[in-house]
S.K.: 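Pasting a structure below so you can have a look.
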Amino acid sequence: MTKAEFYTFFKKIPKAELHLHLEAVIATNTIQKLYKRRNPALSDEKVSEEIEKLFTYSNLDGFIKAYLQVQDLYDSEDDFDLVFEDLKQYIVRNGISYTEIFAAPSAFIKKGFDFSKMVQNYQKNVKKIKVETGVDVRILIDVSRTFGEENAEKNLQLLLANRIPEIIGIGLGGAESKGPCRDFGNVFEKARKNGLFAVAHAGEDEDAYSVWDAINVLKAARIGHGITSIQDEKLMETLAAQKIPLEICPTSNVFTKKYVKRISEHPVRAFFDHGIPITLNTDDPLFFGVELLDEYWNAYSKIKFKKAELKKIILCSFESSFLSEEEKSNFKEKVEELWT
């Protein structure tokens, strides 16, 4: 298929994206608007220069620093209206039928934002997207290893005190080297006991031991990234046998440069061939300049996945979600119908 044919075809096929950070779906023009509001004396040219500097980083820690700087541009809970509008446009552009997104409240709470008002905004905007696009959005609250276990516990308690159907679980993100999975076992146990789903970033910036801890200590239902699983054959076998999905974000892994230097060398092919459930995701579209259709094209053109194999990955994206079994079946039937 040519690139144009590929994009036209795959946009029409229902897809789920399961590893997507809300604050990183924000569009460049929205960032410029927020930056200009914060710095009204700067010319448009100077604002563009400063934003370009903001998006210059060479590793995961540098990326997280930039991520926090973008979060700092928000002045009130109402600013989430802007990012949810950008999320809606992203969903439509990429033909996404369902998504589970990470929302990271820690930096905003430290700025003085009211968590309950943030949750109200999330709910309002998720309902708005459903009405305008027909797409369901579900939220996982990031308990963030970056700020330590005490902060993660605080985020969990805030979530439990502000339960809404649109928030379905928690995720462990942030600087992996500074917050090992094993430090957050108690938080994840409480979350699961309260009926929340639990996922964790692991094996992105640390070796395979981090994925083992996500499985054995956190009991994570899915692993974000998990690329260092390639280091450990027994771990690969465990992921396949227990059907623990990996949320693969190829371009993100190349940008952070720790283990993957080129997309063509990404271990996702080895994971797929090993029988490990994998899903394709973007992680942070704004920061890495990639969207979901681009990642499918990369898998096809650079990692050499066949079209039929990409269909299996699309089906797996629904199977690996936290949808009900009936909802999963309905989406998978729609994929099969449109594929033919």
S.K.: For Glu85, is there an ion pair with Lys88 - N to carboxylate O distance below 4.0 angstrom?
M.R.: yes
S.K.: Check whether Asp183 reaches the backbone of Gly179 with its side chain - one donor and one acceptor, N or O, closer than 3.5 Å.
M.R.: no
S.K.: With no hydrogens and no angle check, just 3.5 Å: does a side-chain donor-acceptor pair link Asn298 and Glu295?
M.R.: yes
S.K.: Looking only at atom types and distance, does a side-chain atom of Glu265 sit under 3.5 Å from a main-chain N or O of Val260, one as donor and one as acceptor?
M.R.: no
S.K.: Could you tell me whether Arg222 and Glu100 make a salt bridge, using a distance below 4.0 angstrom between a side-chain N and a carboxylate O?
M.R.: yes
S.K.: Within the distance-only criterion (no hydrogens, no angle test), does the side chain of Asn39 pair as donor or acceptor with the backbone N or O of Leu42 below 3.5 angstrom?
M.R.: no
S.K.: Going by distance alone, is a donor N or O of one side chain under 3.5 Å from an acceptor N or O of the other, for His201 and Glu206?
M.R.: no
S.K.: Closest approach of Val126 and Glu166, non-hydrogen atoms and distance?
M.R.: CG1-CG, 3.7 Å
S.K.: Could you tell me whether the side chain of Glu204 reaches within less than 4.5 Å of the side chain of Asp283, counting heavy atoms only?
M.R.: yes
S.K.: Check whether Ile109 and Ile164 end up in the same hydrophobic cluster, where Ile, Leu, Val, Met, Phe, Trp and Tyr are linked by side-chain heavy atoms less than 4.5 Å apart.
M.R.: yes
S.K.: Between CG of Leu22 and CG of Asp86, what distance do you get to the nearest 0.5 Å?
M.R.: 9.5 Å
S.K.: For Lys154, is the NZ atom crowded, meaning more than 12 foreign heavy atoms sit under 6.0 Å from it?
M.R.: no
S.K.: Answer yes or no: are there more than 12 heavy-atom neighbours, outside Lys332 itself, under 6.0 Å from its atom NZ?
M.R.: yes
S.K.: Atom NZ of residue position Lys65 - does it have more than 12 heavy atoms of other residues, nucleotides or ligands inside 6.0 Å?
M.R.: no
S.K.: Is Glu325 paired with Lys328 through a side-chain N to carboxylate O contact shorter than 4.0 Å?
M.R.: yes
S.K.: Taking the six-membered ring for Trp, is the centroid-to-centroid distance between Phe305 and Trp297 below 6.0 Å?
M.R.: no
S.K.: Between the side chain of Lys111 and the main-chain N/O of Tyr74, is any donor-acceptor distance below 3.5 Å?
M.R.: yes
S.K.: Do any N or O atoms from the side chain of Lys304 and from the backbone of Ser301 form a donor-acceptor pair under 3.5 angstrom?
M.R.: yes
S.K.: Examine distances only and state if a side-chain atom of Glu23 and a backbone atom of Tyr67 form a donor-acceptor pair shorter than 3.5 Å.
M.R.: no
S.K.: Would you compute the distance between atom CD1 of Ile13 and atom CD of Glu336 and round it to the nearest 0.5 angstrom?
M.R.: 9.5 Å
S.K.: Nearest 0.5 Å please: distance from the NZ atom of Lys3 over to the OH atom of Tyr7.
M.R.: 4.5 Å
S.K.: Measure the shortest side-chain to side-chain distance between Val335 and Lys311 over non-hydrogen atoms and say whether it is less than 4.5 angstrom.
M.R.: yes
S.K.: Are any non-hydrogen side-chain atoms of Phe9 and Met1 less than 4.5 angstrom apart?
M.R.: yes
S.K.: Of all heavy-atom pairs between Phe318 and Pro14, which one has the smallest distance, and what is that distance?
M.R.: CE1-O, 3.6 Å
S.K.: Are more than 12 heavy atoms from other residues, nucleotides or ligands located less than 6.0 Å from atom NZ of Lys307?
M.R.: yes
S.K.: I'd like to know whether NZ of Lys12 has more than 12 heavy-atom contacts from other residues, nucleotides or ligands below 6.0 angstrom.
M.R.: no
S.K.: Taking all non-hydrogen atoms of both residues into account, name the closest pair between Ala299 and Leu280 and its distance.
M.R.: CB-CD1, 3.9 Å
S.K.: Report yes if the side chains of Ile303 and His266 come closer than 4.5 Å at any heavy-atom pair, otherwise no.
M.R.: yes
S.K.: Assess the residue pair Phe115 and Gln157 against the criterion (side chain to side chain contact (heavy atoms under 4.5 Å, CB included)); give the C-alpha distance rounded to whole Å, side-chain angles, the decisive distance to 0.1 Å, and a yes or no.
M.R.: CA-CA 11 Å; Phe115 184 79; Gln157 294 306 320; over 6 Å; no
S.K.: Is the shortest heavy-atom distance from the side chain of Val143 to the side chain of Phe188 under 4.5 Å?
M.R.: yes
S.K.: Examine distances only and state if a side-chain atom of Asn94 and a backbone atom of Ile96 form a donor-acceptor pair shorter than 3.5 Å.
M.R.: no
S.K.: Please lay out, stage by stage, how Arg38 and Asp72 fare under the test salt bridge (Lys or Arg N to Asp or Glu O under 4.0 Å).
M.R.: CA-CA 10 Å; Arg38 182 69 57 84; Asp72 185 57; 3.4 Å; yes
S.K.: Hydrophobic clustering (ILVMFWY, side-chain heavy atoms < 4.5 Å, transitive) - are Val135 and Leu18 grouped together?
M.R.: yes
S.K.: So with a 6.0 Å cut-off around NZ of Lys261, is the heavy-atom count from everything else above 12?
M.R.: yes
S.K.: If you look at every heavy atom in Gly174 and Ile64, which pair is closest and at what distance?
M.R.: C-CD1, 3.6 Å
S.K.: State yes or no: do Leu338 and Leu315 share one hydrophobic cluster built from I, L, V, M, F, W and Y residues joined by side-chain heavy-atom distances below 4.5 Å, directly or via other members?
M.R.: yes
S.K.: Identify the two heavy atoms, one from Cys181 and one from Ala202, that lie closest to each other, and give their separation to 0.1 Å.
M.R.: SG-CB, 4.2 Å
S.K.: Are Asn125 and Asp81 packed together at the side-chain level, in the sense that at least one heavy-atom pair is separated by less than 4.5 angstrom?
M.R.: yes
S.K.: Consider only side-chain N and O atoms of Thr282 and Glu291, and report whether a donor and an acceptor are under 3.5 Å apart.
M.R.: no
S.K.: Compare all side-chain heavy atoms of Asp79 with those of Phe113 and state whether any distance is below 4.5 angstrom.
M.R.: no
S.K.: Taking the side chain as every heavy atom from C-beta outward, state whether Leu158 and Ile141 have any pair of such atoms under 4.5 Å apart.
M.R.: no
S.K.: Hydrogens and angles aside, do Asn151 and Ser144 bring a side-chain donor and acceptor to less than 3.5 Å of each other?
M.R.: no
S.K.: Show the nearest heavy-atom pair for residues Ser229 and Met236, with the distance to one decimal.
M.R.: O-CG, 3.3 Å
S.K.: Can you classify the ring geometry of Phe331 versus Tyr98 as parallel (below 30°), tilted (30 to 60°) or perpendicular (above 60°)?
M.R.: tilted
S.K.: CD1 of Ile101 to CG of Asp142: how many Å apart, nearest 0.5 Å?
M.R.: 12.0 Å
S.K.: Is there a path from Phe102 to Leu82 through hydrophobic residues (I, L, V, M, F, W, Y) whose side chains come within less than 4.5 Å of each other?
M.R.: yes
S.K.: Quiz question: by atom type and distance under 3.5 Å, do the side chains of Gln231 and Thr228 form a donor-acceptor pair?
M.R.: no
S.K.: Checking Asn186 against Glu149 for the side chain to side chain contact (heavy atoms under 4.5 Å, CB included) test, could you report, in this order, the C-alpha distance in whole Å, the side-chain angles of both residues, the deciding distance, and whether it holds?
M.R.: CA-CA 9 Å; Asn186 291 334; Glu149 182 184 7; 4.1 Å; yes
S.K.: Under the 3.5 angstrom rule, does the side chain of Thr340 hit a backbone N or O of Glu337 as a donor-acceptor pair?
M.R.: yes
S.K.: Is there a path of hydrophobic side-chain contacts, each under 4.5 Å between heavy atoms, that joins Phe197 and Leu156?
M.R.: yes
S.K.: Given side chain to side chain contact (heavy atoms under 4.5 Å, CB included), test Tyr35 with Leu73 step by step and report yes or no.
M.R.: CA-CA 6 Å; Tyr35 203 95; Leu73 294 174; 4.0 Å; yes
S.K.: Report the C-alpha distance between Met118 and Phe108 in whole Å, list the side-chain angles of each, state the deciding distance to 0.1 Å, and finish with yes or no for side chain to side chain contact (heavy atoms under 4.5 Å, CB included).
M.R.: CA-CA 9 Å; Met118 292 170 63; Phe108 300 113; 3.9 Å; yes
S.K.: When rounded to the nearest 0.5 angstrom, what is the spacing between CZ in Phe10 and OH in Tyr300?
M.R.: 8.0 Å
S.K.: Can you tell me how far apart CZ (Arg163) and CD1 (Ile168) are? Round to the nearest 0.5 Å.
M.R.: 11.0 Å
